[in-house]
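Let me begin by presenting the structure, written as structure tokens, before commenting on it.
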Amino acid sequence: MKKILIVAAAVLAFVACQRDPHFITDKNYRNEVHADFEVRMADFPMLEVRLDTLSTMEREAMEFLYAYMPLSDLADYEPSFYLNQVRYAFKARHRPHGFLP
């Protein structure tokens, strides 16, 4: 019985660690953002925004940014700049006082 509980706990811990949480928790809104992102990318094919190597949270945050940022911002910076901003925001979100000492 003790071995079964240990194995069950290990399996649950492994499964919990494998979850890839969503940045946009509402599925309908997430689909809307993705659709708006696809439209924006179709309108500006010269933008090379590669999101396939990102985590789910990073990809959804980047899709949101590119779907709704002003057009002037699209041309100002490379996608890597915005990705760094997303990553810094996620880091700050998990610190008790942001980036303050």
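For the atom pair CE (M69) and CG (L74), the distance works out to 5.5 Å, reported to the nearest 0.5 Å. Atoms CG and CZ, on L54 and R87 in that order, are 6.0 Å from each other to the nearest 0.5 Å. To the nearest 0.5 Å, atom NZ of residue K27 and atom CD of residue E32 are 15.0 Å apart. Interatomic distance, CG of L47 versus OH of Y66, reported as 6.5 Å (0.5 Å rounding).
Taking all atoms of both residues into account, the shortest heavy-atom contact from V49 to L51 is CG1-CD2, 3.6 Å.
No side-chain heavy atom of E60 sits less than 4.5 Å from a side-chain heavy atom of V33.
Both M62 and M46 belong to a common hydrophobic cluster when Ile, Leu, Val, Met, Phe, Trp and Tyr are linked at side-chain heavy-atom distances under 4.5 angstrom. The hydrophobic cluster containing M41 does not contain V39, counting ILVMFWY residues as joined when their side-chain heavy atoms lie under 4.5 angstrom apart, directly or transitively.
Take P45 and apply the side-chain contact (heavy atoms from CB on, under 4.5 Å) test, not counting sequence neighbours, and it matches no residue. S55 pairs by the side-chain contact (heavy atoms from CB on, under 4.5 Å) definition with D20, M57, E58, not counting sequence neighbours. Contacts of F64 classified as ring pair (Phe, Tyr, Trp, His ring centres under 6.0 Å), with partners at least two apart in sequence or in another chain: Y68.
Residues in residues 21-49 take part in these ring pair (Phe, Tyr, Trp, His ring centres under 6.0 Å) pairs, two or more places apart or across chains: F23-F90. Judged as a side chain to side chain donor-acceptor pair (under 3.5 Å), not a single pair has a partner in residues 74-83 (not counting sequence neighbours). Residue pairs meeting the salt bridge (charged side-chain N to carboxylate O under 4.0 Å, His left out) criterion with at least one member in residues 36-51, sequence neighbours excluded, are R50-D52.
With hydrogens and angles disregarded, a donor-acceptor distance shorter than 3.5 Å links the side chain of R30 to the backbone of I24.
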